[in-house]
J.: 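The structure is given below, and queries will be raised subsequently.
The first residue in the sequence is number 1, and the count goes up from there.
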Amino acid sequence: MQGSGSSKPAARPVLQGSGAPAGATSARPAHAQATGRFDPTVDAAQLLRRVGFFTLVFLLPIGAVVSRRAAVILTPIAVALLVLASLIDRAPQKPLIAIRNAFMTPGGVAALVLLGWAIVSISWTPFPETATDKVIQIGWMTLIGVAGVASLPERVRTANLHLIPVGVAIGALGALALGAFRAQDVNAELMDADPLERGLVVLAVMVWPAVAWLVSRRRVLGACVLLGVVAVATCVMPENAALLAVAVGAALYVITRLTGDRGVRVIAVLMPALLALAPLFPLILRPFLKFFHGPLYPGAVALRAWAEETGREPLRMITGHGLDTSIRARVAGFLSPDAPRTLPFEIWYELGVVGALAAAVALGYAIFASRRHNNPALTSGIVACFGAAFTIACFGAANAQSWWLATLGATIITFVAIQRGEFRNLRPAAGLRKPPPAAG
């Protein structure tokens, strides 16, 4: 009966083409409605994360060309912004679990052994004060890199990642402009070339995340143009290892793209072998350098000094002379000034066979682990970046210095961000199932 309380409620209308009633949208959770409208916490976290990425991938490659302290200053600032954004966003701490699992791998254990052996070597180094400062710098930059990776969200917005190639391109154009200014200035020899040299080294390393991102977004032509601009920019300094690093990285990128997993495995064995078997270089390479270039060739002289140092104290091949002795010993007169200034020599001279083998295992496993990515462009970019960084270190352009460690940390964070931004490349297929029939 009408007007009675026992009457049945009127049936709710059903939307055409849908199996849900019209009032179903009001059943969403309160937090979903809040985030769908306006959430100041999420907006603040996104703003801080955007500024952090802007500082890391845009300001760093540009500032490194004009300031020798840019990497040391900008990388901690960017990581601090990313960490603050993650704390505000209250993201789940799954990255911390991934980092813990990474240190439980053979490569992670080898890296911890290398760091621990460097700390222990302070007890027998002739320069304990400077060695302690160096350990603190290495530990601080390592902590910054780990914090940056841990603060990245599980899904990175592509709007942040588009800044990567833009920053590298502007930095390369700035290096070209400074190089042209130095070439035309009559007092160019009075200008400090150290910031420009460091900036070119930073560009030679950070160009590979940019190339990997562009190729993964199917912008191959843009990646080739960017790599060409960086290669031309590295030519402004005549005695710079950045150009050779770009060439080696490009060769490794092409090899890994053509050979795939097999090429990555070969490189993961060959590059650590060069580090582990470095004391054999004076015996193998020196005769060829003397034959083609003469006995006074700088490379032949450096290898002779290495061979003489090895024969003088063969027991030091096991323990090494201690951290931060390869540079200080030259000033104090303990080491010949003609000795090499490369990463293999410094590791063997300072940390001995224990440090060299630990570094080789960590390097090989890191390259081998790049195969886990499903994106071939990202894998090739990581291998090319390893090759460029190893080339720069082998030519003595940068080793365990703070700005170099900060650059490597920023590059690692950028690669991890690219990996977590690839989810937007695959979109789910639209559902083709018909909606269930409405209730009678």
J.: Determine the minimum heavy-atom distance between Ala233 and Leu176, stating which atoms define it.
T.: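 Nearest pair, atom of Ala233 first, then Leu176: CA-CD2, 3.5 Å.
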J.: Output the distance between atom CG (Leu56) and atom CG (Leu74), rounded to the nearest 0.5 Å.
T.: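 One finds 9.0 Å between CG of Leu56 and CG of Leu74.
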J.: Quick one: does Arg198's side chain have a donor or acceptor within less than 3.5 Å of a partner on Arg68's backbone?
T.: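 Looks like yes, one N/O pair under 3.5 Å.
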J.: Does Arg49 make a cation-pi contact with Phe53, if we ask for NZ or CZ under 6.0 Å from the ring centre and within 45° of the axis?
T.: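 Checked: cation-pi criterion not met.
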J.: Centroid separation under 6.0 Å, is that true for the rings of Trp124 and His321?
T.: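 No; Trp124 has its ring centre 6.0 Å or more from that of His321.
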J.: Is there side-chain contact between Thr158 and Trp213, with at least one heavy-atom pair below 4.5 Å?
T.: yes
J.: If you round to the nearest 0.5 Å, how far is CG of Leu82 from CD1 of Ile77?
T.: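 One gets 12.0 Å once the value is rounded to the nearest 0.5 Å.
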J.: Looking only at non-hydrogen atoms, find the nearest pair between Val361 and Ala110 and report the distance.
T.: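 For Val361 and Ala110, the tightest heavy-atom pair comes out as CG1-CB, 3.7 Å.
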J.: Find the distance between OG1 (Thr414) and CG (Leu161) and round it off to the nearest 0.5 Å.
T.: 9.0 Å
J.: Could you tell me whether the side chain of Arg155 and the main chain of Arg420 form a donor-acceptor pair under 3.5 Å?
T.: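 It does not hold such a pair.
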J.: Judged by atom type as modelled, is there a donor-acceptor pair below 3.5 Å linking the side chain of Ser67 to the main-chain atoms of Ala64?
T.: no
J.: Rounded to the nearest 0.5 Å, what separation is found between the CE atom of Met141 and the CD1 atom of Ile136?
T.: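 The CE atom of Met141 sits 12.5 Å away from the CD1 atom of Ile136.
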J.: Would you check if the side chain of Ser380 reaches a backbone N or O of Ala377 as a donor-acceptor pair within less than 3.5 Å?
T.: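 The answer is no, because no donor-acceptor pair under 3.5 Å joins these two groups.
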J.: Could you check whether any side-chain heavy atom of Leu214 comes within less than 4.5 Å of a side-chain heavy atom of Val220, counting everything from C-beta outward?
T.: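 A side-chain contact is absent here, since even the closest heavy-atom pair is not under 4.5 Å.
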J.: Would a 4.5 Å heavy-atom cut-off, applied to side chains only, mark Leu114 and Leu351 as touching?
T.: yes
J.: Would you give the length of the straight line joining atom CZ of Phe415 to atom SG of Cys385, rounded to the nearest 0.5 angstrom?
T.: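 One gets 4.5 Å once the value is rounded to the nearest 0.5 Å.
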J.: Heavy atoms, side chains only, cut-off 4.5 Å: are Tyr365 and Thr105 in contact?
T.: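 A side-chain contact exists here, since the closest heavy-atom pair is under 4.5 Å.
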J.: Taking the side chain as everything from C-beta on, heavy atoms only, tell me whether Leu274 gets closer than 4.5 Å to Phe281.
T.: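 Leu274 reaches Phe281 side chain to side chain.
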J.: I want to check something: taking the side chain as every heavy atom from C-beta on, are Asp324 and Thr125 in contact at a cut-off of under 4.5 Å?
T.: no
J.: Just by distance, do the side chain of Glu350 and the backbone of Ser326 share a donor-acceptor pair under 3.5 Å?
T.: yes
J.: Measuring only between side-chain heavy atoms, which start at C-beta, is Phe395 closer than 4.5 Å to Thr342?
T.: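 Contact flag for Phe395/Thr342 side chains = no.
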J.: Quick one: do Trp140 and Leu405 satisfy side-chain contact (heavy atoms from CB on, under 4.5 Å)? Show the steps, please.
T.: CA-CA 10 Å; Trp140 169 243; Leu405 298 176; over 6 Å; no
J.: Please answer whether the main-chain N or O of Val83 pairs with a side-chain N or O of Ser86 as donor and acceptor at a distance below 3.5 Å.
T.: yes
J.: Between atom CD1 of Ile284 and atom CG of Leu277, what is the distance when rounded to the nearest 0.5 Å?
T.: 8.0 Å
J.: Quick check: closest heavy atoms across Gly107 and Ala362, and the distance to 0.1 Å?
T.: O-CB, 3.8 Å
J.: Using the side-chain contact (heavy atoms from CB on, under 4.5 Å) rule, take Leu363 and Phe390 through it: C-alpha gap first, then chi angles, then the decisive distance, then the call.
T.: CA-CA 10 Å; Leu363 177 61; Phe390 187 76; 4.0 Å; yes
J.: For Leu203 and Val168, which heavy atoms make the closest approach, and how far apart are they?
T.: CD2-O, 3.9 Å
J.: Where is the tightest heavy-atom contact between Val248 and Gly387, given as atom of each residue plus distance?
T.: CG1-O, 4.0 Å
J.: If we ignore hydrogens and angles and just use 3.5 Å, is the side chain of Ser402 paired with the main-chain N or O of Val72 as donor and acceptor?
T.: no
J.: As a quick check of understanding, evaluate side-chain contact (heavy atoms from CB on, under 4.5 Å) for Thr325 and Phe334, giving each step before the final call.
T.: CA-CA 9 Å; Thr325 55; Phe334 302 153; over 6 Å; no
J.: Give the minimum heavy-atom separation between Leu275 and Ala360, together with the two atoms involved.
T.: CD2-N, 3.8 Å
J.: So Phe386 and Val383, side-chain contact (heavy atoms from CB on, under 4.5 Å) or not? Walk me through it.
T.: CA-CA 5 Å; Phe386 271 115; Val383 175; 5.6 Å; no
J.: Could you check if a side-chain atom of Leu252 sits within less than 4.5 angstrom of a side-chain atom of Met271, using non-hydrogen atoms only?
T.: yes
